[in-house]
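Read through the structure below, which is laid out as structure tokens, and then see the notes.
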Amino acid sequence: MARKFFVGGNWKCNGTVEEVKKIVTVLNEAEVPPEEVVDVVVSPPFVFLSLVKSLLRSDFQVAAQNCWVRKGGAFTGEVSAEMLVNLGIPWVILGHSERRLLLGETNEFVGDKVANALSQGLKVIACVGETLEQRESGSTMDIVAAQTKAIAGRILDWNNVVLAYEPVWAIGTGKVATPTQAREVHTALRKLLHDNVSPEVAASTRIIYGGSVNGANCKELAAQPDVDGFLVGGASLKPEFVDIIKSATVKSSA
Ligand SMILES: O=C(CO)COP(=O)(O)O
């Protein structure tokens, strides 16, 4: 069965109520391929989740950008998976490189978070990716394999997981991975799932690319065999996000 294209918009730590309303209006008015062709998931900061959920068209979904590693309780400043479920938020992004690098989230911690979020009924966009230094030293595959294995070992049901390959050197830099660079890692990750999990999971799990994706480069990337969609940062705050959603047709017409 073909994997459904997936386009996520990670708004990161951006936005005001007014800006959020504007972005949602653009999305609500956009003509995009039907739900059967593409999953669209936008991820505002926690404080805007309810607002976005209440305004957003029903064929698009909402994701949180993080959640706590365990059940809620005395953890000042954290938001638990069960709170997100209670709010009707279906998705959460976990293991983003900004959290790994700026907040010290380790592979093991991200694995724990993924296990906890899935056990509470959330769907997870799990992120992996190497730094520039790691790429230049030739350790890209070792790094993303270790990150992926730490996550994979904690997953019982892969139906609720999307894997996002986001090379750190491509995030927010305007330096997008070439289609070949993206394809190489995506293909290797799919092989890793094949060998370490199962052929079925390797065939059905969406592996999406993130890092300086925009309206101009999305089609060529979308045409790569193992690229099943995108996790978009900066461009997800702009009208060109709609063009990125439309790149799903590159796959459906292939
Ligand atoms: O980190 C990203 C999405 O999670 C990518 O960010 P940019 O698209 O701004 O490079």
Side-chain angles (χ1 to χ4, degrees), residues 5-15 19-20 23 26-27 38-46 48-49 52 60-67 89-105 110 113-114 117 122-132 134-135 140 143-144 147-148 151 161-179 181-182 185-186 189 206-222 224 227-248:
F5 208 74
F6 184 104
V7 179
N10 177 5
W11 296 358
K12 308 192 179 182
C13 188
N14 289 296
E19 285 163 354
V20 162
I23 300 168
V26 169
L27 295 178
V38 59
D39 279 329
V40 180
V41 178
V42 296
S43 189
F46 283 126
F48 300 130
L49 278 172
V52 172
F60 288 7
Q61 294 179 291
V62 180
Q65 295 175 16
N66 178 38
C67 69
I89 307 299
W91 288 90
V92 63
I93 298 172
L94 293 173
H96 193 281
S97 62
E98 284 149 16
R99 298 200 62 85
R100 290 178 186 265
L101 295 169
L102 302 173
L103 294 153
E105 294 197 1
V110 173
K113 281 190 166 189
V114 169
L122 289 171
K123 298 180 191 191
V124 172
I125 302 165
C127 306
V128 300
E130 83 287 3
T131 63
L132 183 60
Q134 290 162 339
R135 174 159 283 265
T140 296
I143 296 295
V144 298
Q147 292 170 335
T148 306
I151 294 164
V161 180
V162 169
L163 190 59
Y165 168 56
E166 299 204 300
V168 178
W169 48 270
I171 294 179
T173 58
K175 209 176 149 198
V176 66
T178 64
Q181 285 173 322
V185 177
H186 283 231
L189 285 174
R206 282 148 325 158
I207 305 177
I208 63 176
Y209 168 80
S212 295
V213 176
N214 61 33
N217 60 29
C218 58
K219 278 197 181 156
E220 203 187 347
L221 285 161
Q224 300 303 309
V227 175
D228 304 314
F230 302 115
L231 189 55
V232 185
S236 71
L237 298 160
K238 301 180 189 160
E240 72 185 284
F241 187 59
V242 174
D243 298 321
I244 301 172
I245 298 170
K246 286 180 181 166
S247 70

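All figures in this text were calculated on a predicted structure; none of them were measured in a lab. Counting convention: from 1, in listed order, for ligands and their atoms alike.
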Inset, instruction - Measure up the F6 and W91 rings against each other and bin them: parallel (under 30°), tilted (30 to 60°), perpendicular (over 60°). - result: perpendicular
Legend entry - Nearest-neighbour protein heavy atom for atom 9 (O) of ligand 1, which is reported as residue plus atom name and distance: G234 N, 2.8 Å
Inset, instruction - Have a look at ligand 1 and work out which part of I171, if any, has a heavy atom under 4.0 Å from it: side chain, backbone, both or neither. - result: both
Inset, instruction - Considering the heavy atoms of G211, write down every atom of ligand 1 situated less than 4.0 Å from one of them. - result: 5 (C), 10 (O)
Inset, instruction - Go through the steps for I171 and E98 under the test side-chain contact (heavy atoms from CB on, under 4.5 Å), then give the verdict. - result: CA-CA 9 Å; I171 294 179; E98 284 149 16; 3.6 Å; yes
Legend entry - Numbering as shown, the atoms of ligand 1 that approach G172 to under 4.0 Å (heavy-atom distance): 7 (P), 9 (O), 10 (O)
Legend entry - Where ligand 1 meets K12 - atom numbers and elements under 4.0 angstrom, heavy-atom basis: 1 (O), 2 (C), 5 (C), 6 (O)
Legend entry - ligand 1 contacted by A235 (non-hydrogen, < 4.0 Å): no
Legend entry - Short side-chain to backbone donor-acceptor contact, N66 and H96, under 3.5 Å: no
Inset, instruction - Starting at CG of N214, measure out to CG of L221 and round the result to the nearest 0.5 Å. - result: 9.0 Å
Inset, instruction - Just jot down the ligand 1 atoms closer than 4.0 angstrom to any heavy atom of E166, in number order. - result: 1 (O), 2 (C), 3 (C), 4 (O), 5 (C)
Legend entry - Nitrogen or oxygen atoms of N10 and ligand 1 under 3.5 Å apart: yes
Legend entry - Inter-residue atom distance L132.CG - T140.OG1, 0.5 Å rounding: 9.5 Å
Legend entry - Under 3.5 Å: N/O of T173 near N/O of ligand 1: no
Legend entry - Greater than 12 external heavy atoms within 6.0 Å of E220's CD: no
Inset, instruction - Could you find the nearest protein heavy atom to atom 5 (C) of ligand 1 and give me its residue, atom name and distance? - result: G233 N, 3.6 Å
Legend entry - Reported CD1-to-NZ distance for the pair I244 and K238, which is rounded to 0.5 angstrom: 9.5 Å
Inset, instruction - Please answer whether the main-chain N or O of C127 pairs with a side-chain N or O of R100 as donor and acceptor at a distance below 3.5 Å. - result: yes
Inset, instruction - With heavy atoms under 4.0 Å as the rule, classify the contact between A170 and ligand 1 as side chain, backbone, both or neither. - result: backbone
